[in-house]
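Following: one structure in structure tokens, then a few remarks.
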Amino acid sequence: MTRRISLTQYLIEQQRQHGHIPQELRLLIEVVARACKRIAISVNKGELGDVLGTAGSENVQGEVQKKLDIIANEVLIEANEWGGHLAAMASEEMEGIYLVPNRFPQGEYLLMFDPLDGSSNIDVNVSIGTIFSVLKKVEGSKGVSEDDFLQPGSAQAAAGYCVYGPQTTLVLTVGDGVAMFTLDREQGSFVLTHEDVKIPEDTKEFAINMSNMRHWDAPVKRYIDECLAGEEGPRGKNFNMRWIASMVADVHRILTRGGVFMYPWDKREPNKAGKLRLMYEANPMAFLVEQAGGAATNARERIMDLKPGKLHERVAVVLGSKNEVERITSYHLDSAQ
Ligand code: P6P
């Protein structure tokens with residue numbers, strides 16, 4: 001039974017025992033957690049809060065923005081800009097970086113987020129979530145520019161997400177394992193419910209959008225065909241499939257019971273990238289998954305080794321149970337020879 005301690009106590013213990021969390025980073029994480037609580041309140045209101053439906057605008061990705069996308073983005077900006085722990089922020093919903101206004105003290109950290117991942121699920125009451133990633137400004141960097149954000153995922157100081165589902169659960173790593181905190185609505189605080197999360201190295205469950213099959217590269221087709229062949233096929237076991245179309249929800253399932261999640265490059269992507277964004281989707285999820293003993297690649301290389309070229313760059317994603325990710329990656333490397 002995990003000790004029922006608050007997020008604050010957990011972070012202070014991490015700071016005290018491991019020296020893992022500088023004061024400024026602890027403050028940052030607590031502010032992001034409070035912002036997620038506020039987003040959860042808006043999400044949970046649904047129709048009653050006049051927050052469903054589209055906002056009549058598009059984001060930098062060319063995607064129609066939902067009202068809650070914009071609300072969540074504004075909540076994260078307003079919560080984080082005054083604290084003195086950040087130099088700048090970047091969001092899926094904003095083209096450029098957001099510099100902390102001069103009227104507030106500047107900090108050393110950079111915060112990136114997908115304020116509400118899985119927006120297509122908002123209006124149909126399916127789990128969605130907020131994903132965040134924390135970097136430190138490069139030593140000696142003068143001012144702040146987009147270039148300060150273009151660091152590999154291995155440089156992250158912290159990463160996490162908050163899934164707004166049957167429970168509202170914050171999942172966090174600061175590089176010392178993965179912990180999960182469930183929102184206790186009666187006391188209004190996140191309470192530790194899982195510590196030292198571990199992903200089983202093997203699985204019988206894969207997550208992919210099967211409707212894209214005709215666009216897949218051969219190694220993806222090979223892997224999925226083998227899963228579908230079940231125990232009579234080369235894998236010798238039957239597989240189950242899940243696809244929630246909210247990365248946060250699919251990754252949460254994998255952190256909780258194992259599995260492999262794939263959003264591979266497909267022939268619709270001329271520049272051989274993928275659909276998901278490197279900086280505020282793939283990198284934070286890769287950090288969490290690796291810290292839980294899993295693996296995360298772009299089907300060829302470790303995601304957290306990739307050097308970003310652009311803030312909103314996209315990447316193929318294969319993550320989850322270590323042995324499955326290694327198998328999929330090997331199929332891609334074999335086909336490249
Ligand atoms: P598709 C949500 O829009 C998202 O970015 C991820 O959360 C999710 O895994 C994926 O896209 C779903 O994509 O093509 O199935 O709608």
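Read the numbers this way: they start at 1 and go in the same order the structure lists the ligands and their atoms.
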Before giving the answer on salt bridge (Lys or Arg N to Asp or Glu O under 4.0 Å), spell out for Glu24 and Lys136 the whole-Å C-alpha distance, their side-chain angles and the decisive distance to 0.1 Å.
-> CA-CA 11 Å; Glu24 288 303 283; Lys136 273 203 84 163; over 6 Å; no
Could you please spell out the steps behind the salt bridge (Lys or Arg N to Asp or Glu O under 4.0 Å) verdict for Glu30 and Arg26?
-> CA-CA 6 Å; Glu30 291 195 289; Arg26 179 165 69 80; 3.2 Å; yes
Working for salt bridge (Lys or Arg N to Asp or Glu O under 4.0 Å), residues Asp225 and Arg222 | CA-CA 5 Å; Asp225 283 348; Arg222 173 186 172 192; over 6 Å; no
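Less than 6.0 angstrom separates the ring centroid of Phe261 from the ring centroid of Trp243.
Note: an N/O pair closer than 3.5 Å links Asp117 and ligand 1 by distance alone.
Under a 4.0 Å N-O distance rule, the pair Glu269/Arg314 does not qualify as a salt bridge.
With a 4.0 Å heavy-atom cut-off, ligand 1 is reached by the side chain of Arg277 but not by its N, CA, C or O. Only the side chain of Leu276 comes within 4.0 Å of ligand 1, counting heavy atoms alone; its backbone N, CA, C and O stay farther away.
The nearest protein atom to atom 16 (O) of ligand 1, hydrogens excluded, is given as Lys275 NZ, 3.6 Å; this is a heavy-atom distance. Remark: minimum distance from atom 14 (O) of ligand 1 to any protein heavy atom is reached at Tyr263 OH, 2.6 Å.
Within ligand 1, counting atoms from 1 as listed, the ones closer than 4.0 Å to a heavy atom of Ala245 are 2 (C), 8 (C), 12 (C). Every atom of ligand 1 with a heavy atom of Glu281 under 4.0 Å away is listed here by number and element: 5 (O). Short contacts between ligand 1 and Ser246, defined as distances under 4.0 Å to a heavy atom of the residue, involve ligand atoms 7 (O). Which parts of ligand 1 touch Met247 is read off a 4.0 Å heavy-atom cut-off, strictly below it: atoms 6 (C), 7 (O), 8 (C), 9 (O). Atom numbering of ligand 1 starts at 1 in the shown order; those under 4.0 Å from a heavy atom of Asn209 are 1 (P), 14 (O), 15 (O). Close approach of ligand 1 to Phe261 (heavy-atom distance below 4.0 Å) involves ligand atoms 9 (O).
Cluster annotation: Ile21 and Phe190 are assigned to the same hydrophobic cluster (Ile/Leu/Val/Met/Phe/Trp/Tyr, side-chain heavy-atom contacts under 4.5 Å, transitive). Leu170 is not connected to Ile254 by any chain of hydrophobic side-chain contacts under 4.5 Å among Ile, Leu, Val, Met, Phe, Trp and Tyr, and they are in different clusters.
Ring orientation note: the planes of Phe239 and Phe206 are tilted relative to one another, at an angle of 30° to 60°.
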